[in-house]
Amino acid sequence: MAATDLKLREEDEEVWSEQRVESLMLQTDAFLKAAVAFKDQAVTATWVSGRLFDRRLDPTVYAGLMGTAFTCLRSFEATGSQADLLLCSEIADACAAIVRSSKTHLTFLCGSAGVYAIGAVAADRRLDRQRRDLFLSLFHEVAREEALAVGPEEGGFGMPYDLLHGRCGFLWAVLFLRRHVGHGSVPDELVAPVVEAVLAGGRAGAANTPGCPLVYRRHGTCYWGAAHGLAGILHVLLHFPLSACDQDAVKETLRYMAKNKFASSGNYPASEGSPRDRLVQWAHGAGGMTLVLCKACEVFQGDTELRDAAVEAGDVVWRRGLVREVGLADGTAGNAYSFLSLYRLTGESVFLDRARAFAGFLFHNADKLIGHRRTYEEEEEFSLFHGVAGVACLWFDMIAPEEARFPGFEI
């Protein structure tokens with residue numbers, strides 16, 4: 001994708017300036033109505049019509065049918081709609097049948113762990129203990145996959161470590177279950193070896209990268225972004241109890257990244273050593289890094305260096321993060337969560353105003369942007385990470401911004 005495709009055209013700037021003030025004045029009921037409307041669009045397109053379900057058989061949270069289920073669950077949390085909770089449960093049942101009969105990844109966003117985790121949470125909310133326990137047992141089967149806990153000394157480089165397709169994607173599913181069902185939903189003995197394997201893999205990968213304690217490569221490349229690389233891996237690790245040595249490794253890796261960002265812009269490269277300063281989004285660049293640095297500030301309280309880095313990354317998103325894509329992965333919706341995270345961290349209203357401005361821009365322009373350009377396949381127009389479902393989640397979160405969490409990334 002060319003750089004000019006990501007940024008707003010110059011002729012859009014006047015429209016954006018006019019809408020920025022109006023966006024700040026949008027009331028929560030306007031965001032709520034818009035969120036419900038987009039959620040309904042996603043349900044109709046992917047579930048009621050069966051178009052995505054029949055043609056792609058994609059059961060994932062990231063770009064498939066379980067993304068609709070996640071959005072229905074988010075709608076239930078915001079509105080109390082039992083109909084949406086039932087829809088979430090029904091979709092989870094259908095997707096569970098798909099992943100049980102096909103080979104998928106083991107992660108929350110792109111694999112079976114996400115199907116079973118959301119299914120368990122929906123059943124728990126419906127007080128259906130039998131269904132909840134069934135989904136938990138299926139999740140425990142995934143957790144016992146031997147490759148998850150195999151360290152580099154045992155040839156464990158075969159399974160990746162990243163959020164989308166690797167071990168940290170499984171660990172995020174654990175966090176989701178523990179947050180919504182209870183810590184005991186996934187026993188420590190199934191989780192601790194995977195965390196240890198991730199740390200060991202990062203240390204082994206850092207052998208040829210002086211100054212960076214943890215390095216992970218995928219197909220020979222050390223990606224830095226939240227989706228495929230370091231940012232996503234470190235973010236997950238920050239949620240687990242770590243030894244002092246492991247905490248230092250995570251902290252120093254973050255400092256290494258901050259010191260090696262683009263000096264001229266403050267943005268972060270998509271991969272180690274890349275000279276291309278063009279992506280400002282969740283998947284690659286300052287958008288995802290803001291979220292990770294905010295979490296690090298919660299863990300390493302009082303670290304002003306990390307706090308300054310988080311605010312600086314957020315400033316990059318404010319300057320360059322209004323993009324022509326709408327979704328969570330590569331678009332304005334995902335970048336809006338950078339400001340919501342900074343708002344929770346600092347309590348400063350400027351960040352809430354920035355989140356409202358980005359959310360308000362989508363309120364006025366999302367339909368036009370989606371209809372005008374289809375960067376992704378048509379089916380993904382309604383998906384969680386590339387389409388209207390992700391925008392709906394952002395608008396739901398604007399109702400109670402102090403509780404907002406980036407779907408599939410923040411807990």
Set of ring-ring contact (aromatic ring centres under 6.0 Å, His included) partners for Trp224, sequence neighbours left out: none
Expected output: side-chain Asp162 to main-chain His165 donor-acceptor under 3.5 Å: yes
Residues forming a side chain to side chain donor-acceptor pair (under 3.5 Å) with Tyr116, sequence neighbours excluded: none
Using a 3.5 Å distance criterion without hydrogens, assess whether the side chain of Ser338 forms a donor-acceptor pair with backbone atoms of Gly287. yes
Under 3.5 Å, side chain of His140 to main-chain N/O of Ser185, donor-acceptor pair present? yes
Applying salt bridge (charged side-chain N to carboxylate O under 4.0 Å, His left out), can you list everything that pairs with Glu410, at least two apart in sequence or on another chain? Arg344
Let me confirm one number: the CG-OG1 distance from Leu345 to Thr290, rounded to the nearest 0.5 Å. 11.0 Å
Results of ring-ring contact (aromatic ring centres under 6.0 Å, His included) for Phe70 - residues two or more places apart only: none
What is the distance from atom OG of Ser341 to atom CG of Leu291, rounded to the nearest 0.5 Å? 5.0 Å
Only pairs at least two apart or in different chains count here, so list each salt bridge (charged side-chain N to carboxylate O under 4.0 Å, His left out) that has a residue in residues 115-124. Asp124-Arg132
Please determine whether a side-chain nitrogen of the Lys or Arg among Asp248 and Arg255 lies less than 4.0 Å from a carboxylate oxygen of the Asp or Glu. no
Please check if the side chain of Ser101 supplies one atom and the backbone of Ala97 the other of a donor-acceptor pair under 3.5 Å. yes
Under the side chain to side chain contact (heavy atoms under 4.5 Å, CB included) criterion, do Met66 and Thr60 qualify, and how do the steps go? CA-CA 5 Å; Met66 279 307 293; Thr60 71; 5.8 Å; no
Walk me through whether Arg320 and Asp277 qualify under salt bridge (charged side-chain N to carboxylate O under 4.0 Å, His left out). CA-CA 11 Å; Arg320 296 175 54 188; Asp277 180 8; 3.0 Å; yes
Verify the neighbour count for atom CZ of Arg319: are there more than 12 heavy atoms of other residues, nucleotides or ligands below 6.0 Å? yes
Judged by atom type as modelled, is there a donor-acceptor pair below 3.5 Å linking the side chain of Ser102 to the main-chain atoms of Ile98? yes
With sequence neighbours excluded, tell me which residues meet salt bridge (charged side-chain N to carboxylate O under 4.0 Å, His left out) with Arg125. none
Tell me every residue that passes salt bridge (charged side-chain N to carboxylate O under 4.0 Å, His left out) with Asp188, counting only those two or more places apart in sequence or in another chain. Arg178
Contacts under 3.5 angstrom, residues 210-217 side chains, donor-acceptor by atom type, not counting sequence neighbours:
from	atom 1	to	atom 2	distance (Å)
Tyr216	OH	Val198	O	2.7
Arg217	NH1	Gly205	O	2.8
Arg217	NH2	Thr209	OG1	3.4

Mind jotting down which residue pairs meet the side chain to side chain donor-acceptor pair (under 3.5 Å) criterion with at least one end in residues 391-407? Sequence neighbours excluded, please. Arg74-Asp397, Tyr337-Asp397
Between Arg131 and Asp93 (salt bridge meaning N to carboxylate O under 4.0 Å), is one present in this structure? yes
So which pairs with a foot in residues 248-284 pass ring-ring contact (aromatic ring centres under 6.0 Å, His included), sequence neighbours left out? His228-His284, Trp282-Phe385, Trp282-Phe406, Trp282-Phe409
For Leu177 and Val121, what are the C-alpha separation, side-chain angles and deciding distance, and is it a side chain to side chain contact (heavy atoms under 4.5 Å, CB included)? CA-CA 7 Å; Leu177 271 175; Val121 171; 4.3 Å; yes
Matching residue for Tyr62 among Leu163, Leu384, Thr107, Leu164 - test: side-chain contact (heavy atoms from CB on, under 4.5 Å): Leu164
Thinking salt bridges, do Glu348 and Arg307 make one under a 4.0 Å N-O criterion? yes
Looking only at atom types and distance, does a side-chain atom of Ser274 sit under 3.5 Å from a main-chain N or O of Ser271, one as donor and one as acceptor? no
Taking Lys261 for its side chain and Ala258 for its backbone only, find out whether a donor-acceptor pair lies under 3.5 Å. yes
Are the side chain of Thr332 and the backbone N or O of Val323 linked by a donor-acceptor pair below 3.5 Å? yes
Give the C-alpha distance, both sets of side-chain angles, the deciding distance and a yes or no for salt bridge (charged side-chain N to carboxylate O under 4.0 Å, His left out) between Asp246 and Arg203. CA-CA 10 Å; Asp246 292 335; Arg203 285 197 167 92; 2.9 Å; yes
Within a radius of less than 6.0 Å around CD of Glu189, do more than 12 heavy atoms belonging to other residues, nucleotides or ligands occur? yes
Begin with the C-alpha distance, continue with both residues' side-chain angles, and end with the deciding distance and a verdict on side chain to side chain contact (heavy atoms under 4.5 Å, CB included) for Leu340 and Leu394. CA-CA 10 Å; Leu340 291 170; Leu394 171 64; 4.0 Å; yes
By salt bridge (charged side-chain N to carboxylate O under 4.0 Å, His left out), which residues pair with Glu298, not counting sequence neighbours? Lys295
Quick test of your reading: applying salt bridge (charged side-chain N to carboxylate O under 4.0 Å, His left out), list the pairs with at least one residue in residues 220-238, sequence neighbours left out, ordered by first then second residue. none
Side chains of Ser81 and Ser75 only: does a donor on one sit below 3.5 Å from an acceptor on the other? no
Between Glu252 and Met257, does a side chain to side chain contact (heavy atoms under 4.5 Å, CB included) hold up when you go through it step by step? CA-CA 9 Å; Glu252 291 307 312; Met257 297 173 78; over 6 Å; no
Asn267 side chain vs Leu279 backbone, donor-acceptor pair below 3.5 Å: yes
Aromatic ring proximity, centroids under 6.0 angstrom, His105 and Phe170: no
